[in-house]
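One structure below.
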Amino acid sequence: VWQPVQDPTAASDAARLKLYAARVAADVRSYAQADNTVYLGTADGRILISRDAGASFTQTATDRATGPVERIFVDPTRPDVALAALGGPNAPHVLRTTNGGTFWDALDSNLPNAAAHAVTGERASGAVYVATDRGVFWARADLDAAGSANVNWISLSESLPAVPATDVRLDPAGIQLYTAMDGYGV
């Protein structure tokens, strides 16, 4: 018999999204925080940043974004480094900043043109993982400095069900990848 699990982080995240949405008067879809730096992603593709723990926000240079910002990853030890997963039918689907949002690179390269729902990374190794409507993909990208945005995406979905991936997360050590598949769970 399945029992629902009470997840206090889900309620906390929902309350935080509601608070931020009211603060910036926008449809906020995602947020990520490291120390006093908070990134917000909106339904219309904007990414905002706060350096004062969410008291005030400024818009970053996300003129390349065309879909909703579904998930943001921020490096916990270097908050200027962030990745964003963008939904919607048109590229770009993965954005990277190494300078706190002053500039965002599109990391799509050979990534299939499908909505991205989640992204995570491990800065020391340069590993980037993305959950898309076409499965889970991995690439190595420079997460310390802006460099070539040409990355080689490799599918990790061969042994997974042929359904959209809705989430990717790394364990705290950055070793084990967890993915949620539509209709299958984690």
Side-chain angles (χ1 to χ4, degrees), residues 13 16-133 137-153 167-170:
D13 285 348
R16 182 80 44 111
L17 286 172
K18 186 175 179 180
L19 170 77
Y20 289 147
R23 191 162 289 161
V24 299
D27 183 0
V28 176
R29 297 285 178 94
S30 57
Y31 82 95
Q33 182 170 359
D35 294 326
N36 287 330
T37 301
V38 181
Y39 290 87
L40 299 181
T42 67
D44 60 1
R46 292 180 293 136
I47 300 174
L48 297 94
I49 189 170
S50 169
R51 298 291 188 170
D52 56 12
S56 62
F57 289 89
T58 57
Q59 186 167 327
T60 66
T62 52
D63 55 328
R64 297 171 185 225
T66 60
V69 182
E70 300 287 343
R71 177 71 54 82
I72 299 172
F73 163 81
V74 60
D75 185 274
T77 60
R78 190 165 164 236
D80 281 347
V81 175
L83 300 165
L86 303 169
N90 301 315
H93 295 294
V94 180
L95 296 177
R96 163 191 68 183
T97 186
T98 59
N99 55 21
T102 300
F103 183 79
W104 292 85
D105 293 311
L107 296 181
D108 286 36
S109 298
N110 64 329
L111 187 67
N113 189 19
H117 302 290
V119 64
T120 192
E122 205 285 310
R123 187 177 53 81
S125 68
V128 177
Y129 302 91
V130 63
T132 75
D133 281 350
F137 293 84
W138 167 84
R140 185 173 310 277
D142 188 347
L143 298 180
D144 279 319
S148 174
N150 291 325
V151 296
N152 183 31
W153 290 99
D167 200 0
V168 287
R169 305 271 174 126
L170 283 168

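Heavy atoms only: backbone and side chains are in, while hydrogens, waters and symmetry mates are out.
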Check against side chain to side chain contact (heavy atoms under 4.5 Å, CB included), Ser30 and Glu70: CA-CA 6 Å; Ser30 57; Glu70 300 287 343; over 6 Å; no

Donor-acceptor check, side chain of Arg51 to backbone of Asn36, threshold 3.5 angstrom: yes or no? no

Side chain proximity check, Leu48 to Thr42, heavy atoms < 4.5 angstrom: yes

Under a 4.5 Å cut-off applied to non-hydrogen side-chain atoms, are Arg16 and Gln33 in contact? yes

Minimal heavy-atom distance between His117 and Ala85, with the atoms involved, is C-CB, 4.0 Å

Would you mind telling me which of Asn152, Val151, Val94 makes a side-chain contact (heavy atoms from CB on, under 4.5 Å) with Ser109? Val151

Is a donor on one side and an acceptor on the other found under 3.5 Å between the side chain of Ser50 and the backbone of Phe57? no

Do Val81 and Val74 come within less than 4.5 Å of each other through their side chains, counting heavy atoms only? no

Side-chain (Asp108) to main-chain (Leu111) donor-acceptor, under 3.5 angstrom: no

Is Trp153 reaching over with its side chain to a backbone N or O of Tyr129, donor-acceptor style, under 3.5 angstrom? no

So how far is it from Thr98 OG1 to Trp104 CH2, rounded to the nearest 0.5 Å? 10.0 Å

Atom OG1 in Thr132, atom CG in Leu86: separation rounded to 0.5 Å? 13.0 Å

Thr60 side chain reached by Phe103 side chain, heavy atoms, under 4.5 Å: no

Within the distance-only criterion (no hydrogens, no angle test), does the side chain of Thr120 pair as donor or acceptor with the backbone N or O of Val168 below 3.5 angstrom? no

Asp13 side chain vs Leu17 backbone, donor-acceptor pair below 3.5 Å: no

OG1 of Thr102 to CG of Asp80: how many Å apart, nearest 0.5 Å? 8.0 Å

Using only atom types and a distance under 3.5 Å, with no angle test, would you say the side chain of Arg23 pairs donor to acceptor with the backbone of Ser56? no

Please check if the side chain of Tyr39 supplies one atom and the backbone of Pro79 the other of a donor-acceptor pair under 3.5 Å. yes

State, with a plain yes or no, whether a side-chain heavy atom of Leu143 is found less than 4.5 Å away from one of Glu122. no

Go through the side-chain N and O atoms of Arg123 and Thr77 and say whether any donor and acceptor fall under 3.5 Å apart. yes

Any non-hydrogen side-chain atom of Val119 less than 4.5 Å from a side-chain atom of Val128? yes

Using a strict 4.0 Å threshold on nitrogen-to-oxygen distance, state whether Asp35 and Arg78 make a salt bridge. no

Working for side chain to side chain contact (heavy atoms under 4.5 Å, CB included), residues Arg29 and Val69: CA-CA 6 Å; Arg29 297 285 178 94; Val69 182; 5.7 Å; no

Working note: Asp167 + Arg71, criterion side chain to side chain contact (heavy atoms under 4.5 Å, CB included); need CA distance, chi angles, decisive distance, verdict. CA-CA 9 Å; Asp167 200 0; Arg71 177 71 54 82; 2.6 Å; yes

Evaluate the side-chain proximity of Ile47 to Leu40: yes if any heavy-atom separation is below 4.5 Å, no if none is. no

Verify whether one side chain among Asn90 and Asn113 offers a donor that lies under 3.5 Å from an acceptor in the other. no

Would you say Asn150 and Leu107 make side-chain contact, with heavy atoms under 4.5 Å? no

Of the non-hydrogen atoms in Gly88 and Pro68, which two are nearest, and what is the gap between them? N-CD, 4.1 Å

